[in-house]
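Presented below is the structure to which this report refers.
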Amino acid sequence: MRILVLGGDGYLGWPTALHLSEVGHEVAVADNFARRGYDFEMGVDSLTPIEPLQTRLRAWQELTGRSIGAYIGDLCHADFTYEMISGFEPDAIVHYAEQRAAPYSMVDRKHAVYTQTNNVVGTLNVLYAIAEINPDIHLVKLGTMGEYGTPNIDIEEGWLEIEHKGRRDRVLFPKRPGSFYHLSKVHDSHNIEFACRIWGIRATDLNQGVVYGQQTPETGRDDRLATRYDYDAVFGTVLNRFVIQSVLGKPLTVYGNGSQTRGLIDIRDTVRCIQLACEHPADRGEFRVYNQMTQAMSVQQIAETVAAASPDAVVIEHLENPRVELENHHYNVVHTGLVELGLQPHLLSDTLIESLFGITKRYAHRVRPEALLPTVQWRKTASRISD
Ligand code: NAD
Ligand code: USQ
């Protein structure tokens with residue numbers, strides 16, 4: 001298949017592009033390097049050094065003889081998006097290219113507006129381009145488990161069968177997201193479902209849980225193929241952060257009492273899920289949703305698991321929660337769709353955590369300790385006196 005990976009310079013997009021190329025697909029990536037820009041803005045960097053995209057692509061070609069194409073540009077520029085899609089003629093488009101950090105979207109008004117504009121407008125441009133260039137193209141879009149929030153009922157895969165006053169219907173599962181970033185994904189899901197319904201395009205929305213890990217078989221072949229590994233309080237995700245904190249001898253920063261529970265997935269399963277979704281496309285007009293997670297754990301359990309795997313004594317610290325999120329909630333998620341397509345999950349193991357300890361120790365000298373503590377608060381304090 002010809003597969004275009006939008007956001008192909010990012011933490012997940014890059015390993016996905018390599019994996020799809022490895023299994024024999026014709027791949028191109030697209031990126032505007034916004035993610036590298038957020039690093040400059042926040043004064044942080046990936047713990048693992050990452051090469052410029054052109055160096056990465058050359059290294060892959062040199063090692064495997066396979067080439068991956070590249071389109072450099074912003075999805076919010078419709079001309080770029082249309083020209084890329086008509087030029088590459090993809091069978092599937094994997095769409096990762098969004099601002100993806102909840103804390104970044106909660107910094108202030110400017111960051112919230114940027115996040116929603118970037119994510120919603122970019123996705124709308126992709127939807128229009130598919131509908132007008134070739135409605136057969138399968139859109140594989142990364143959503144997030146956080147679209148659902150933590151409702152007091154079981155979470156289904158995107159759709160809910162309901163009976164109301166004696167009548168039945170199938171509706172999109174109700175959403176209660178926890179940040180302006182997570183909200184941008186809800187807006188995308190609604191736009192994509194609408195596009196499937198009115199234009200008959202085909203889409204798979206993958207509501208992915210928190211990803212952990214840093215290596216796939218492909219990125220592990222050469223240092224030049226490494227993907228990012230974020231540890232800071234804005235872009236670092238919980239399990240990766242706890243591993244890095246434990247190696248540095250810092251307390252693990254559990255927000256609140258730690259009973260808040262999240263879906264998790266190993267980065268090796270992420271790339272496999274994308275392959276499965278691409279190779280088994282949704283039908284024309286179908287808005288198909290899978291919950292892309294393999295297990296659920298509370299933040300406290302994640303901290304205890306990392307602490308237990310660590311050879312050194314680890315302190316777990318409970319910080320006042322900078323976010324507004326439920327603790328002590330119900331969390332039972334259906335996630336069978338991707339397993340039915342053939343996913344064989346890697347569940348979190350000591351071996352994986354130990355391999356992350358190795359990577360972290362190698363690059364520990366690159367950590368900026370001041371970036372570890374959370375600074376972005378969800379709650380607002382009045383900063384203006386109204387006139
Ligand atoms: P990332 O920030 O590392 O990668 C996203 C890439 O998209 C970046 O390289 C960025 O430069 C690019 N991009 C952003 N806006 C763009 C635009 N307008 N035009 C072109 N390129 C643009 O993020 P990631 O961790 O790889 O996540 C990828 C996707 O998966 C995101 O949509 C995210 O919401 C979703 N997701 C991530 C996780 C996780 O734990 N990392 C979990 C669930 C879902
Ligand atoms: N948390 C801590 N301590 C920390 C960091 C996080 O207790 O040091 C807690 C948070 O309060 C939250 C949970 O861990 O309850 C997850 O936080 P996170 O930063 O790992 O994940 P989140 O903000 O939800 O975002 C990440 C990705 C995002 C993706 C999402 C999947 O950045 O792109 O969409 O995971 S999900 O959470 O399923 O929506």
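Indexing begins at 1, ligand by ligand and atom by atom, following the structure's order.
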Any nitrogen or oxygen of Arg35, side chain or backbone, less than 3.5 Å from one on ligand 1? yes
Considering only heavy atoms from C-beta outward, does the side chain of Ile72 approach that of Asp31 to under 4.5 Å? no
Between Glu163 and Arg167, is there a side-chain N and carboxylate O pair less than 4.0 Å apart? no
Verdict with reasoning, Val27 to Val5, per side chain to side chain contact (heavy atoms under 4.5 Å, CB included): CA-CA 7 Å; Val27 178; Val5 181; 4.1 Å; yes
Is it the case that ligand 2 has an N or O less than 3.5 angstrom from some N or O of Val238? yes
Nearest-contact summary for atom 38 (C) of ligand 1 - protein heavy atom, Å: Gln208 NE2, 3.7 Å
Distance under 4.0 Å to a non-hydrogen atom of Lys185: what atoms of ligand 1 satisfy this? 31 (C), 32 (O), 33 (C), 34 (O)
Residue pair Asp269 / His346, side-chain donor-acceptor N/O under 3.5 Å: yes
Distance filter under 4.0 Å to Thr237 heavy atoms, resulting ligand 2 atoms: 20 (O), 26 (C), 27 (C), 32 (O)
Whether Arg368 engages the ring of Tyr231 as a cation-pi pair (distance to the six-membered ring centre under 6.0 angstrom, angle to the ring normal within 45°) should be assessed. no
N/O of Leu12 under 3.5 Å from N/O of ligand 1, yes or no? yes
Atom 30 (O) of ligand 1: which protein heavy atom is closest, and how many Å away? Tyr96 CD2, 3.6 Å
Identify, by atom number and element, the atoms of ligand 2 in contact range of Arg262, meaning under 4.0 Å from any of its heavy atoms. 15 (O), 37 (O)
Without hydrogens or angle criteria, can the side chains of His318 and Gln300 be said to hold a donor-acceptor pair below 3.5 Å? yes
Hey, are Glu147 and Ser189 close enough side-chain-wise for a donor-acceptor pair under 3.5 Å? yes
Hey, do the aromatic rings of Tyr255 and Trp378 have their centres closer than 6.0 Å? no
Would you please say whether a donor-acceptor pair under 3.5 Å links the side chains of Thr123 and Glu98? yes
Counting heavy atoms only, name the option from Tyr181, Tyr96, Tyr11 that's nearest to atom 29 (C) of ligand 2. Tyr181
Provide the number and element of each atom of ligand 2 under 4.0 Å from a heavy atom of Val254. 7 (O)
What I want to check is whether the side chains of Ser179 and His182 have a donor and an acceptor closer together than 3.5 Å. yes
Return the option from Leu6, Leu142, Leu75 holding the heavy atom at the smallest distance from atom 19 (N) of ligand 1. Leu75
Consider only side-chain N and O atoms of Gln245 and Thr253, and report whether a donor and an acceptor are under 3.5 Å apart. yes
Establish, from distance only, whether the side-chain atoms of Tyr114 and Tyr38 form a donor-acceptor pair under 3.5 Å. yes
Going by distance only, is there an N or O of Gln245 that falls short of 3.5 Å from an N or O of ligand 2? no
Pair Glu41, Tyr104: side-chain N/O donor-acceptor within cut-off below 3.5 Å: yes
Tyr181 heavy atoms, cut-off 4.0 Å: which ligand 1 atoms fall inside? 33 (C), 34 (O)
Atom 4 (O) of ligand 1 sits nearest the protein heavy atom Gly10 CA, 3.4 Å
Among non-hydrogen protein atoms, atom 37 (O) of ligand 2 lies closest to Val210 CG2, 3.4 Å
Check: Thr294/His335 side-chain N/O donor and acceptor closer than 3.5 Å: no
Does the side chain of Asn207 pick up a donor-acceptor pair with the side chain of Tyr148 at under 3.5 Å? yes
May I ask you to list the atoms of ligand 1 that are less than 4.0 angstrom from any heavy atom of Gly143? 44 (C)
Close side-chain approach of Tyr96 to Thr270, heavy-atom, < 4.5 Å: yes
At what distance is the nearest protein heavy atom to atom 16 (C) of ligand 1, and which residue and atom is it? Asn32 OD1, 3.4 Å
Show, in sequence, the C-alpha distance, side-chain angles and deciding distance for Arg366 and Asp45, and conclude whether the salt bridge (Lys or Arg N to Asp or Glu O under 4.0 Å) test is met. CA-CA 8 Å; Arg366 288 169 53 89; Asp45 205 351; 3.5 Å; yes
Ligand-residue contact atoms, ligand 1 with Asp74, heavy atoms, under 4.0 Å: 17 (C), 18 (N), 19 (N)
Number the atoms of ligand 2 from 1 as they appear, then name those within less than 4.0 Å of a heavy atom of Arg241, with their elements. 4 (C), 5 (C), 8 (O)
Check contact between Glu147 and ligand 2, using heavy atoms of the residue and a distance below 4.0 angstrom. no
Top protein contact for atom 3 (O) of ligand 1, by heavy-atom distance: Tyr11 N, 2.9 Å
Which of the numbered atoms in ligand 2 are under 4.0 angstrom from any heavy atom belonging to His182? 24 (O), 39 (O)
Listed once per pair and sorted, the salt bridge (charged side-chain N to carboxylate O under 4.0 Å, His left out) pairs that draw on residues 65-77, sequence neighbours left out: Glu22-Arg66
Is the NZ or CZ atom of Arg2 both under 6.0 Å from the centre of the six-membered ring of Phe88 and within 45° of that ring's axis? yes
Just which atoms of ligand 2 are under 4.0 Å from any heavy atom in Gln208? 31 (C), 38 (O)
Shortest reach to atom 39 (C) of ligand 1 by a heavy atom, considering only Asn118, Val211, Val5, Thr270: Val211
Best match, Leu142, Thr144, Thr253, Asn291: closest heavy atom to atom 39 (O) of ligand 2: Thr144
What residue and atom, counting heavy atoms only, is the protein's closest point to atom 25 (O) of ligand 1, and at what distance? Arg100 NE, 2.8 Å
Ligand 1 to Ala34, heavy atom cutoff 4.0 Å, flagged ligand atoms 11 (O)
Closer than 4.0 Å to some heavy atom of Phe33 - which atoms of ligand 1 meet that? 11 (O)
Which ligand 2 atoms, with their elements, are less than 4.0 angstrom from a heavy-atom of Glu325? 10 (C), 11 (O), 12 (C), 15 (O)
For atom 11 (O) of ligand 1, closest protein heavy-atom neighbour: Asp31 OD1, 2.6 Å
Protein contact of atom 1 (N) of ligand 2 - nearest heavy atom, named by residue and atom, plus distance: Tyr255 CD1, 3.5 Å
Does any N or O atom in Gly146 lie less than 3.5 angstrom from one in ligand 2, N or O only? yes
Please indicate whether any nitrogen or oxygen in Asn321 is less than 3.5 Å from any nitrogen or oxygen in ligand 2. no
What pair of heavy atoms forms the shortest contact from Lys185 to Thr144, and how long is it? CG-CG2, 3.6 Å
Atom indices of ligand 1 within 4.0 angstrom of Gly209 heavy atoms, with elements: 42 (C), 43 (C)
Gly209 heavy atoms within 4.0 Å reach ligand 2 at atoms 31 (C), 38 (O)
Only heavy atoms of Gly73, strictly under 4.0 Å: list the atoms of ligand 1 that pass. 19 (N), 20 (C)
Under-4.0 Å heavy-atom contact with ligand 2, by part of Arg323 that carries it: side chain
